[in-house]
There are 2 protein chains.
Amino acid sequence: MAYLDTQESIRFARRVRPVRPGVQDTGDTFADFGAKTSAYSAHNVIYYEGDAAQRLFEVASGTVMLFKLLPDGRRQVVEVLRPGEIFGLAGSNEYECTAETLTDASIHELDLRLVDSNLDVQRKLAKCLANQMRILHEHAVLLGRKSAVERVASFLMYLIPNRGGVGCLGPENEDDDGYDLKLHMTRQEIADYLGLTIETVSRVVSDLKRRGVIRVDRSDQIHLRKVCSLCQMTGMH
Amino acid sequence: MAYLDTQESIRFARRVRPVRPGVQDTGDTFADFGAKTSAYSAHNVIYYEGDAAQRLFEVASGTVMLFKLLPDGRRQVVEVLRPGEIFGLAGSNEYECTAETLTDASIHELDLRLVDSNLDVQRKLAKCLANQMRILHEHAVLLGRKSAVERVASFLMYLIPNRGGVGCLGPENEDDDGYDLKLHMTRQEIADYLGLTIETVSRVVSDLKRRGVIRVDRSDQIHLRKVCSLCQMTGMH
DNA sequence: CGAGCGCTTGACAGATCTCAATAAAAGTGG
DNA sequence: CCACTTTTATTGAGATCTGTCAAGCGCTCG
């Protein structure tokens, strides 16, 4: 796993790690371009992989996941989207993922025919995609190279705004490095996002609990007691 | 690994698998927008992760890889780019990956200041990013859910145009289901792309050879003897 | 021909998965 | 509101796959 002695890793010692952006402000939303807005309740499918692609979507509020399935039922959650992020682009004429809400959500839906000719739409599109692409790159590192503990720690860190990146200044308060977290995903969804099994996720969470890094108030309600310790476990430090 | 009996996999039984596109024709290239074009020799770094981002790049000819490193030297190749594909977008002001040529390559380089205001550039950008994003999604499935054999088989199939997708019609010729392949990546690069170790990649290749699915003429020169068999091993059938 | 590099192979270790049982939580109906 | 069912999560034991470490092979090039 370690290539420490390779020429390359020495050569790159100076590289830095970008801050994970919070929800990015990309200016306009699709609502400004004539999109209609729909409300979905939690755990509803917006479209299925293979459906004819007719609209482009933007999360207005709530959380949405995109996933793909292999024929034998293995599932990979490929993106978890928050407000301001877009989905539903299809290279061909069919959606390449299934989109499902994780929470109650409000979604802007823009007819694909309105997309091509509008510079502002294209600009927002390019900006959002570039941002989501960076997250996908980071996620590829997680899936390809991180251990189970590192994956779960990284996942939890993603959920804290303004921590864990280059700009991270440590805890705001010396004595209190805690943070309260509400998970909007089941263990199975987390597992499918992190490329693990539900049992492994559960075991890692129990382990973090045992080590005093987190406190599990309910299975979807987690208090991070030592954010800095957790951050040390992401593999990025 | 199998979720065959879940409600979900039944619900999605009808889904289809999109054809992996070959190099996509997105109309204009950056050259049409005033980009300068540079030549790079094989295995040269175009920019490092963390460098100040000033340009947007498009592969004109050759192959380029993007990768990220963890502090302990673990590497993940996050994209392998072919002509027409773009890279160098930075959400912030720094490149988030290192870009390195795999082969001799010719690269269009467009000043970032020329990007924002041009509808055609934005259109190409959005189109390319959407396409590359689909590939990243597919790759996330590979990294998160596929076995070593499935990863290598998928990798080899990617390198054959017009095979392996929904539109795949099988071999052109009943008796000959072969294809000659030139790899432009070392075993280490392939391993870092597939989230495996070099030893595992080597073992899988040897195994495919033993099973008569491929013939290894040189380590970077592989003849696929039974494309359909190989395709069956990708986990997508 | 020898050195160096990339690749292959073997033996073993360890992380994660699988399968199975149990526990806890959430939803249902009387 | 309380049994009862169903779903979701946890835990254990064992199997398996891939990683680690080490040695050897085979090009390629000076």
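A note on names: the letters A, B, ... follow the listed sequences, proteins ahead of strands, and every chain is numbered from 1.
A/Arg151 approaches A/Lys146 most closely through the heavy-atom pair NE-O, 2.8 Å. In plain terms, the two heavy atoms of B/Ala140 and A/Val78 that are nearest each other are CB-CG1, 4.0 Å.
Where A/Arg218 and A/Val149 each meet DNA chain C at their nearest nucleotide, the meeting point lying more 5' is that of A/Val149.
Taking atom CD1 on A/Ile214 and atom C1' on D/dA9, their separation rounds to 14 Å, with Å as the unit. Between the CG atom of B/Leu196 and the P atom of C/dA15 there is a distance of 18 Å, given to the nearest Å. Straight-line distance from the CZ atom of A/Arg145 to the P atom of C/dA15: 17 Å, rounded to whole Å. The CD-C1' distance, from A/Gln221 to C/dA26, rounds to 16 Å in whole Å. Separating the CG atom of B/Asp217 from the P atom of D/dC27 is a distance of 13 Å, rounded to the nearest angstrom. Taking atom CG of residue B/Asp72 and atom P of nucleotide D/dG19, one finds them 15 Å apart after rounding to whole Å. For the pair B/Lys146 NZ and D/dT18 P, the interatomic distance rounds to 14 Å; values are reported in whole Å. Across the protein-nucleic acid pair, A/Leu194 atom CG and C/dC17 atom C1' stand 15 Å apart, rounded to whole Å.
With ring centers used as reference points, A/Tyr193 lies 6.0 Å or more from A/Phe67. Ring centers of A/Tyr95 and A/Phe87: at least 6.0 Å apart, outside the cut-off.
For the pair B/Asp192 (side chain) and B/Gln76 (backbone), a donor-acceptor distance under 3.5 Å is absent.
Between A/Glu79 and A/Lys68 there is no salt bridge, since no side-chain N of the basic residue sits under 4.0 Å from a carboxylate O of the acidic one.
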Across nucleotides 3-10 of chain C, 5' to 3', mark each nucleotide with B, S or - according to how protein heavy atoms within less than 4.0 Å reach it.
----SBBB
